[in-house]
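Taking it in order: structure first as structure tokens, then the write-up.
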Amino acid sequence: MRLLCVFFQFTEEKLGQAEKTELDAHFENLLSRADITKNWTEKILRQTEVLLQPNPSARVEEFLYEKLERKIPSRVTNGELLGQYMTEAASDFGASSPYGQTLIKVGETQKRLGIAERDFIHSSSINFLTPLRNFLEGDWRTISKERRILQNRRLDLDACKARLKKAKAAEAKAAALPDFQETRPRNYVLSASASALWSDEVDKAEHELRVAQTEFDRQAEVTRLLLEGISSTHVNHLRCLHEFAEAQATYYAQCYQYMVDLQKQLGRFPSTFVGNAEAAASPPLSASPPAATLPLLQAVSPNTVDGTLNPADVKPPASGTRKAKVLYDYEAADSTELGLRADELITVYSLPGMDPDWLIGERGNQKGKVPVTYLELLS
């Protein structure tokens with residue numbers, strides 16, 4: 001009977017035909033904060049999994065191993081596999097040949113990059129993904145369970161309120177219309193019996209309401225304590241986020257150092273990427289820095305002051321300058337730089353010894369250094 005009343009209460013609420021006990025504003029705020037935390041934690045978790053393992057098949061495999069509570073087998077990274085292929089190819093091409101020697105050097109670096117990637121994935125999985133997953137599969141499930149119980153207690157409370165309201169209305173109606181006459185004593189007896197019956201029903205409904213109110217208040221307090229624990233969850237996730245960022249910074253620093261070491265082994269330093277395009281045996285790849293295809297001036301010392309470039313005194317080369325389209329606005333940091341506006345066209349060229357990330361740009365009578373990343377070279 002009680003479950004049936006709860007069902008009717010839920011149905012009438014959905015139809016807008018019954019009153020509903022509203023939670024206080026602080027409690028509603030806690031509920032909203034918990035829902036937001038759960039939703040964003042899920043999104044961050046899923047996207048981090050994609051970042052660490054882009055292969056969806058591999059992610060499904062890892063998920064199945066995890067659900068079966070079995071150890072996930074170690075997987076060779078793409079960098080390690082590429083390094084292995086390069087080393088094997090060097091053996092076939094001849095390890096003493098220039099090509100074979102270079103394959104070995106690059107292959108070893110790829111293996112080191114792959115190992116660094118594997119360590120980063122492992123560290124991030126333990127220090128970042130696992131705490132997020134534990135929250136969703138542990139704390140959040142507990143919160144959801146207690147919220148469902150609270151919802152049932154609230155429906156039960158509102159059903160008791162509705163029952164008491166109806167009983168009081170019937171009791172008042174029976175008392176206001178006794179329907180008895182002196183010539184008809186039987187009607188008086190029946191009316192008195194009905195009034196007493198509704199009075200008993202009111203007493204019973206009031207008792208059930210007190211019990212329901214007590215259970216609701218107790219469950220509301222339990223749920224409130226769990227929801228307030230979301231703040232502790234944020235603190236824990238903040239610490240995990242710091243560890244993830246630190247692991248990522250370490251990984252990229254390792255990758256950079258490995259590539260610098262490789263460049264030294266190959267005799268290719270970053271400054272050597274700035275050269276005359278005509279001296280190259282083949283056109284540079286699109287991924288190479290744009291400055292690699294720019295003409296160079298023959299001397300830089302007359303255009304420097306205390307070792308610092310003085311763009312105002314730089315003379316453009318007689319031929320070979322290039323046009324560039326500005327991709328983004330850029331505010332000059334000092335007098336040696338040239339401010340840029342998106343979509344404008346300027347003339348650019350390079351100087352020997354310049355940082356490969358910068359070029360000399362000219363616009364009319366204005367001249368100064370400009371960052372390569374803000375330009376699209378056109379010719």
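Heavy-atom basis, side chains included; hydrogens, waters and symmetry copies ignored.
For the atom pair CD (Glu243) and CG (Leu238), the distance works out to 10.5 Å, reported to the nearest 0.5 Å. One finds the CZ atom of Phe128 at 10.5 Å from the CD atom of Glu49 (value rounded to the nearest 0.5 Å). Of the inter-residue distances, the one linking Thr102 atom OG1 with Gln265 atom CD reads 10.0 Å to the nearest 0.5 angstrom. With rounding to the nearest 0.5 Å, the separation of CG in Asp156 from CG in Asn152 is 8.5 Å. Of the inter-residue distances, the one linking Leu327 atom CG with Asp343 atom CG reads 8.5 Å to the nearest 0.5 angstrom. The CD atom of Gln110 sits 11.0 Å away from atom CD of Glu80, with the distance rounded to the nearest 0.5 Å.
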**Request:** Apply salt bridge (Lys or Arg N to Asp or Glu O under 4.0 Å) to the pair Asp334 and Lys369, showing each step before the final yes or no.
**Result:** CA-CA 10 Å; Asp334 52 47; Lys369 295 189 299 181; 5.8 Å; no

**Item:** Evaluation steps, side-chain contact (heavy atoms from CB on, under 4.5 Å), between Met86 and Leu82
**Value:** CA-CA 6 Å; Met86 287 183 172; Leu82 176 59; 3.9 Å; yes

**Message:** Is there a side-chain contact (heavy atoms from CB on, under 4.5 Å) between Val370 and Glu337? Walk through the geometry before answering.
**Reply:** CA-CA 6 Å; Val370 293; Glu337 296 182 7; over 6 Å; no

**Prompt:** Hey, mind stepping through Thr109 and Asp261 against side-chain contact (heavy atoms from CB on, under 4.5 Å) and telling me if it holds?
**Reply:** CA-CA 9 Å; Thr109 299; Asp261 294 341; over 6 Å; no

**Prompt:** Going through the distances and angles, do Leu164 and Val202 end up as a side-chain contact (heavy atoms from CB on, under 4.5 Å)?
**Reply:** CA-CA 6 Å; Leu164 176 60; Val202 168; 4.0 Å; yes

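Ile115 and Val106 fall into different hydrophobic clusters, where Ile, Leu, Val, Met, Phe, Trp and Tyr are joined by side-chain heavy atoms under 4.5 Å apart, directly or via other members. In the hydrophobic clustering of this structure, Ile360 groups with Val348; members are Ile, Leu, Val, Met, Phe, Trp, Tyr whose side-chain heavy atoms approach within less than 4.5 Å, directly or through other members. When hydrophobic clusters are built by joining Ile, Leu, Val, Met, Phe, Trp and Tyr residues whose side-chain heavy atoms come closer than 4.5 Å, directly or via intermediates, Val211 is not grouped with Val222. In this structure, Tyr252 is a member of the same hydrophobic cluster as Phe244, with clusters built from ILVMFWY side-chain heavy atoms closer than 4.5 Å. Tracing side-chain contacts under 4.5 Å through hydrophobic residues (I, L, V, M, F, W, Y), one never reaches Trp40 starting from Ile230; they form parts of separate clusters.
At a threshold of 4.0 Å, the pair Lys166-Glu201 does not count as salt-bridged, since none of the basic side-chain nitrogens sits closer than that to a carboxylate oxygen. Remark: Lys38 engages Glu42 in a salt bridge, criterion side-chain N to carboxylate O under 4.0 Å. A salt bridge between Lys204 and Asp200 is absent, with no side-chain N of the basic residue lying under 4.0 Å from a carboxylate O of the acidic one. Using a 4.0 Å cut-off between charged nitrogen and carboxylate oxygen, Lys165 and Asp158 do not count as a salt-bridge pair. Using a 4.0 Å cut-off between charged nitrogen and carboxylate oxygen, Asp217 and Arg224 do not count as a salt-bridge pair. With respect to Glu215 and Arg154, no salt bridge is recorded, no charged nitrogen being found less than 4.0 Å from a carboxylate O.
The backbone N or O of Leu225 sits nowhere less than 3.5 Å from a side-chain atom of Glu228 that would complete a donor-acceptor pair. Asp24 places a side-chain N or O within 3.5 Å of a backbone atom of Phe27 that can act as its donor or acceptor partner. Not a single donor-acceptor pair under 3.5 Å links the side chain of Glu376 to the backbone N or O of Ala324. Remark: side-chain polar atoms of Glu108 are not paired, donor with acceptor, to backbone N or O of Ile104 under 3.5 angstrom.
At a threshold of 4.5 Å between non-hydrogen side-chain atoms, the residues Lys367 and Leu338 do not count as touching. Lys168 has its side chain within reach of Glu206: a pair of non-hydrogen atoms, C-beta onward, lies under 4.5 Å apart. Counting heavy atoms from C-beta on, the side chains of Gln213 and Leu157 come closer than 4.5 Å. At a threshold of 4.5 Å between non-hydrogen side-chain atoms, the residues Arg46 and Val50 do not count as touching. In this structure the side chain of Glu362 reaches within 4.5 angstrom of the side chain of Tyr349, judged on heavy atoms. Two residues are said to be in side-chain contact when any heavy atoms from C-beta on lie closer than 4.5 Å; Leu226 and Asp139 fail this criterion. Side-chain atoms of Leu132 and Cys240, non-hydrogen and from C-beta on, never get closer than 4.5 Å to each other.
Phe135 and Trp140 have tilted rings, their planes meeting at an angle from 30° to 60° on a 0 to 90° scale.
Open room surrounds NE2 on His207; 12 or fewer heavy atoms of other groups in view lie less than 6.0 Å from it. By the neighbour-count criterion of 12 heavy atoms within 6.0 Å, atom CG of Asp203 is densely surrounded, having more than that number from other residues, nucleotides or ligands.
Residue pairs satisfying the side-chain hydrogen bond (donor to acceptor under 3.5 Å, both in side chains) criterion with at least one member in residues 81-99, sequence neighbours excluded, are listed as follows: Gln84-Glu88. Among residue pairs with one or both ends in residues 123-132, those qualifying as side-chain hydrogen bond (donor to acceptor under 3.5 Å, both in side chains) are Ser123-Asn127; sequence neighbours excluded.
In terms of heavy-atom proximity, Ala34 sits nearest to Leu227 at CB-CD2, 3.6 Å. Nearest heavy-atom pair, Met259 versus Leu113, reported as atom, atom and distance to 0.1 Å: SD-CD1, 3.9 Å. Considering every non-hydrogen atom in both Tyr374 and Asp329, the closest pair reads CE2-O, 3.3 Å. The minimum heavy-atom distance between Cys160 and Ala212, with the atom names listed, is SG-CB, 3.9 Å. Between Leu378 and Leu345, the shortest heavy-atom contact is CD1-CD2, 3.5 Å. Counting all heavy atoms, side chain and backbone alike, Leu150 lies closest to Phe216 at CD1-CE1, 3.7 Å.
When only modelled atom types and interatomic distance are considered, Lys161 and Thr21 share a side-chain donor-acceptor pair under 3.5 Å. With no hydrogens or angles considered, a side-chain donor-acceptor pair links Arg363 and Gln366 at under 3.5 Å. Donor-acceptor pairing under 3.5 Å is recorded for the side chains of Ser231 and Arg33.
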